[in-house]
Amino acid sequence: MNIGRARDLDRAFFDRAPEVVAADIIGCTLLFEGCGGVVVESEAYGQRDPASHSFRGETPRCKSMFGPPGTVYVYRTYGLHWCLNLVTEAEGIGAAVLIRALEPTHGLSAMRGRRSGMDDRLLCAGPGRLTQALAVSGAIDGLDLVAAGMTLTPREGDVDVVAVPRIGISQATDLPWRMVARGSRFLSRPIPRSMAA
DNA sequence: CTATAGATAATCT
DNA sequence: GATTATCTATAGG
């Protein structure tokens, strides 16, 4: 795996079901223009998934979701926050993975500056926080992640991935498509008590 | 630690 | 007109 350098390998990684990519991306390092860190939380959004923007077909907002695997889908939510997604599966399907939290490792000072000195634990602990820290915006929506200036490097060693219900949605809340790195202290919210095991 | 309110505006019905 | 893949601050246990 050599994600972020060879375009063909990008495709191979992303050309799978969103819940598989969401799990595999945990532990990988995501960088955008020198800032970023290790992915510790993600969510899958699928083709026949009522909680997905793509569920009712292509609209102006979500058209990037129907692009090739590895496409960046960035949209604004609640009128003020950006959310970063990476398209998975096949072109035209409308599946993606939402990047929800990073353990910050690169460009700490720049990220702290953009987040007005917020504690490192909360620097990238949430979809809106992470885009603010990395300066991700709608400007890169629809681009291939490499063209957008991102790199994604494979994880080293083992990661304990836990699948739990997704956050902030009101449909299909039973689907365990939120993937988190067990034991991480950089999550947007903790693993539910009932599933902490 | 959990719970809740308020901000704030694009998007979709 | 309703909804929303969120964040922050604040209040209470």
Side-chain angles (χ1 to χ4, degrees), chain A residues 14 17-23 25-26 30 32 39-67 71-89 93-104 111-142 145 161-181 183-196:
Chain A
F14 288 107
E19 66 273 25
V20 175
V21 177
I25 207 170
I26 301 297
L30 179 70
F32 176 61
V39 180
V40 295
E41 179 177 345
S42 67
E43 280 180 3
Y45 287 88
Q47 180 183 21
R48 289 182 300 178
D49 169 10
S52 172
H53 290 167
S54 61
F55 183 62
R56 286 172 183 74
E58 192 173 326
T59 68
R61 176 179 58 171
C62 72
K63 73 171 187 294
S64 307
M65 259 186 107
F66 293 85
T71 299
V72 174
Y73 170 42
V74 181
Y75 68 93
R76 217 197 262 282
T77 189
Y78 291 92
L80 62 165
H81 303 293
W82 296 106
C83 288
L84 169 65
N85 302 253
L86 299 171
V87 175
T88 73
E89 211 155 336
I93 291 288
V97 168
L98 170 69
I99 308 301
R100 286 194 58 92
L102 305 177
E103 174 177 345
M111 294 198 288
R112 289 186 190 116
R114 292 188 197 110
R115 299 261 309 134
S116 58
M118 174 85 59
D119 186 277
D120 284 354
R121 191 179 70 79
L122 296 175
L123 211 49
C124 302
R129 291 166 173 162
L130 160 177
T131 53
Q132 186 184 11
L134 304 206
V136 163
S137 77
I140 60 171
D141 179 50
L145 86 160
V161 178
V162 196
V164 300
R166 294 176 290 181
I167 291 178
I169 57 171
S170 53
Q171 312 253 344
T173 52
D174 52 319
L175 231 43
W177 279 6
R178 175 186 175 222
M179 308 297 171
V180 301
S184 172
R185 63 184 236 274
F186 298 95
L187 305 179
S188 65
R189 291 175 59 175
I191 296 171
R193 283 172 28 124
S194 58
M195 312 188 82

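Throughout, protein chains are lettered first and strands after them, A, B, ... in sequence-line order, and every chain is numbered starting at 1. Keep in mind that the numbers below use all heavy atoms, side chains included, and drop hydrogens, waters and symmetry copies.
Pairing partner, B:dA3: C:dT10, with both Watson-Crick or wobble hydrogen-bond distances short of 3.5 Å. Within the shown strands, nothing qualifies as a pairing partner of B:dT13 under the Watson-Crick or G-U definition with both distances less than 3.5 Å.
At least one side-chain heavy atom of A:Pro104 sits under 4.5 Å from a side-chain heavy atom of A:Phe186.
Taking atom CE on A:Met118 and atom C1' on C:dT6, their separation rounds to 13 Å, with Å as the unit. One interatomic measurement links the two molecules: CZ of A:Arg193 to C1' of B:dC1, which rounds to 11 Å at whole-angstrom precision. Whole-Å rounding puts the A:Arg178 CZ to C:dT6 P distance at 10 Å. Atoms CZ (A:Arg189) and P (C:dT6) sit 9 Å apart, rounded to a whole Å. Atom CD of A:Gln171 and atom P of B:dC12 are 15 Å apart (whole Å). The interatomic distance linking A:Ile167 (CD1) with B:dT2 (C1') rounds to 14 Å, in whole Å. Distance, A:Lys63 NZ to B:dA10 P: 16 Å, rounded to whole Å. The CG atom of A:Asn85 sits 14 Å away from the C1' atom of C:dT4 (whole-angstrom rounding).
If you check the side chains of A:Arg114 and A:Gln132, you find no donor sitting under 3.5 Å from an acceptor. With hydrogens and angles left out, the side-chain atoms of A:Glu103 and A:Ser184 include no donor and acceptor closer than 3.5 Å.
Without hydrogens or angle criteria, A:Glu58 side chain to A:Phe66 main chain gives no donor-acceptor distance under 3.5 Å. With A:Glu43 contributing its side chain and A:Ile167 its backbone, the two residues share a donor-acceptor pair below 3.5 Å.
Nucleic acid contact class of A:Arg56 (heavy atoms, under 4.0 Å, all strands): sugar-phosphate only. Looking at heavy-atom distances under 4.0 Å, A:Met65 makes contact with a base. Nucleic acid contact for A:Ser170: sugar-phosphate only, since backbone atoms but no base atoms lie under 4.0 Å from a heavy atom of the residue. Within 4.0 Å (heavy atoms only), A:Arg76 reaches no atom of the nucleic acid at all. Residue contacts shown for A:Leu98 include a base, since a base heavy atom lies under 4.0 Å away.
Set against B:dT8, B:dC12, C:dT8, the side chain of A:Arg61 has B:dC12 as its closest nucleotide. Distances from the side chain of A:Pro60 to the nucleotides C:dC7, C:dA5, B:dC12 place B:dC12 closest.
Between A:His53 and C:dA5, a side-chain N or O to OP1/OP2 separation shorter than 4.0 Å is present. At C:dC7, none of the side-chain N or O atoms of A:Arg115 fall inside 4.0 Å of OP1 or OP2 (strictly under the cut-off).
In A:Arg189, the CZ atom is not crowded: 12 or fewer heavy atoms of neighbouring residues, nucleotides or ligands sit closer than 6.0 Å.
By the 5.5 angstrom centroid cut-off and the 30-degree plane limit, A:Tyr78 is classified as not stacked against the base of B:dT8. Ring-to-base geometry places A:Tyr45 in a stacked arrangement with C:dA5 (centre distance under 5.5 Å, plane angle under 30°).
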